[in-house]
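Right, one structure below, let's go through it.
All chains are named by letter (A, B, ...) in the order of the sequence lines, taking the proteins before the strands, and each is independently numbered beginning at 1.
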Amino acid sequence: MLSCRQATELMSQEQDRPLSLAERIALRLHVWICAGCNNYRRQMTVLRAACRRFGSGGTP
Amino acid sequence: MRSMELDRQTELNALRPDLLRFARLQLRDAAAAEDAVQETLLAALTGSHRFESRSSYKTWLIAILRNKIIDIIRGQGREVAATSLADDEAGDDLLAETLFDQRGHWQAATQPGRWADPDASFEQKQFWAVFEACLDHLPEKTARVFMMREVLGFETAEICKEIGISSSNCWVVLHRARLGLRTCLEARWFAGAEA
């Protein structure tokens with residue numbers, strides 16, 4: 001079972017490289033039962049969207 | 001048309017502080033940032049595009065500036081050597097120690113929350129002030145690697161090559177940056193926004 005700390009590492013790395021099948025399964029299981037990491041994963045998506053917007057001058 | 005030129009000059013002056021802040025965040029070097037902005041303004045003044053709004057003008061200017069910044073970084077990437085990245089590590093590990101317990105689980109007080117309506121936040125000037133402050137708050141080299149990846153759109157492989165670090169090292173740095181940035185945003189923006 002992944003710890004939250006390990007899960008956050010994988011949730012970062014999935015933004016930078018394709019995860020292996022084993023990693024994807026371990027992460028999916030963890031996020032399914034862990035509300036904090038579930039939120040963290042959404043936050044990663046928000047960070048990426050924010051950075052894209054910031055980098056394209058689309059800020060108000 | 002003379003009046004058109006005058007308008008653009010006014011807009012440029014109004015947007016210049018935004019451009020300079022953007023360049024300083026990416027480059028963390030006031031002189032290099034100033035150069036990048038000067039070159040952008042020069043390119044902008046000689047261009048003949050027309051713009052209907054300040055926001056589309058800003059988008060165009062940022063695109064020019066981004067390319068200038070990418071050129072500068074490609075020319076000097078190795079200055080962000082692996083050794084100076086190591087200097088950032090101590091502070092970052094400290095953050096992880098406060099977020100996770102010994103078994104690597106979230107501490108009760110630091111469990112990530114649900115961020116309410118990020119799209120609405122993106123429309124607020126104040127959010128972006130906090131966002132910039134949080135980027136600025138990251139350790140310098142960590143921030144540079146992160147912004148190369150997420151703001152300037154480099155592929156991870158190219159970052160590794162430019163900076164001369166291994167892929168796994170690169171992933172560690174990016175992870176630390178994301179952990180730091182989301183922690184800062186949650187504390188300084190989203191925690192307050194949650195009902």
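In this structure, chain A has a heavy atom under 4.5 Å from the side chain of B:Thr156, while its backbone stays farther away. Only the side chain of B:Leu185 comes within less than 4.5 Å of a heavy atom in chain A; its backbone stays farther off. Contact of A:Met44 with chain B is made through the side chain alone, with heavy-atom distances under 4.5 Å. The contact between B:Leu25 and chain A is made entirely by side chain atoms (from C-beta outward), counting heavy-atom distances below 4.5 Å. Using a 4.5 Å cut-off between heavy atoms, A:Arg48 touches chain B through backbone and side chain atoms alike. With a 4.5 angstrom heavy-atom cutoff, B:Phe122 touches chain A via backbone and side-chain atoms both. Proximity to chain A is limited to the side chain of B:Leu135, based on heavy atoms less than 4.5 angstrom apart. Interface residue A:Ala49: backbone and side-chain heavy atoms are both found under 4.5 Å from chain B. Contact annotation for A:Gln15: both backbone and side-chain heavy atoms come within less than 4.5 Å of a heavy atom of chain B.
When the disulfide (SG to SG under 2.5 Å) test is applied to A:Cys34, no partner is found at least two apart in sequence or on another chain. Legend: residues meeting side chain to side chain donor-acceptor pair (under 3.5 Å) with A:Ser56, ordered by chain and number and at least two apart, are absent.
Chain A is approached within less than 4.5 Å, heavy atom to heavy atom, by B:Phe100, B:Arg103, B:Gly104, B:His105, B:Trp106 from residues 98-109 of chain B, ordered by number.
Between B:Trp115 and A:Thr45, every side-chain heavy-atom pair lies at or beyond the 4.5 Å cut-off. Contact annotation: the side chain of B:Glu150 never approaches that of A:Leu47 to less than 4.5 Å [non-hydrogen atoms, C-beta and beyond].
Between A:Phe54 and B:Trp128, the angle of the ring planes stays under 30°, which puts this pair in the parallel group of the 30/60° scheme.
Within the structure, every pair that satisfies the side chain to side chain donor-acceptor pair (under 3.5 Å) test and touches residues 26-36 of chain B, not counting sequence neighbours, is listed here: B:Arg16-B:Glu34, B:Glu34-B:Gln38.
When atom types are taken as modelled, the side chain of B:Arg178 and the backbone of A:Ser12 share a donor-acceptor pair closer than 3.5 angstrom.
With chain B as partner, the option from A:Ser3, A:Ala7, A:Gly36 having the largest number of non-hydrogen pairs under 4.5 angstrom is A:Gly36. No other option in B:Glu123, B:Met147, B:Glu132 has as many heavy-atom pairs under 4.5 Å with chain A as B:Glu123. Between chain B and the residues A:Cys4, A:Gly55, A:Gly57, the largest count of heavy-atom pairs under 4.5 Å involves A:Cys4. Note: A:Ala50 leads A:Gly58, A:Ala50, A:Ala35 in heavy-atom pairs under 4.5 Å with chain B.
To the nearest 0.5 angstrom, A:Glu9 atom CD is 12.5 Å from B:Leu174 atom CG. Of the inter-residue distances, the one linking B:Ser167 atom OG with A:Asp16 atom CG reads 10.0 Å to the nearest 0.5 angstrom.
Put simply, B:Ile159 and B:Val172 are part of two different groups of oily side chains (I, L, V, M, F, W, Y) that touch within less than 4.5 Å, one to the next. A continuous path of Ile, Leu, Val, Met, Phe, Trp and Tyr side chains, each step under 4.5 Å between heavy atoms, connects B:Leu45 with B:Ile64, placing both in one hydrophobic cluster. When hydrophobic clusters are built by joining Ile, Leu, Val, Met, Phe, Trp and Tyr residues whose side-chain heavy atoms come closer than 4.5 Å, directly or via intermediates, B:Val37 is grouped together with B:Ile73. Under the 4.5 Å side-chain contact rule for hydrophobic residues, A:Trp32 and A:Met1 share a cluster.
Residues A:Arg5 and B:Ala96 come closest through the heavy atom pair NH2-CB, 3.4 Å. The heavy-atom pair separating A:Asn39 from B:Arg114 by the smallest distance is ND2-N, 3.4 Å.
At most 12 non-hydrogen atoms from other residues, nucleotides or ligands lie less than 6.0 angstrom from CD of B:Glu155.
Note that A:Arg17 lies in the cation-pi zone of B:Trp171, set by a 6.0 Å cut-off to the ring centre and a 45° limit from the axis.
Side chains of B:Lys58 and A:Thr59: a donor-acceptor N/O pair is present below 3.5 angstrom, by distance only.
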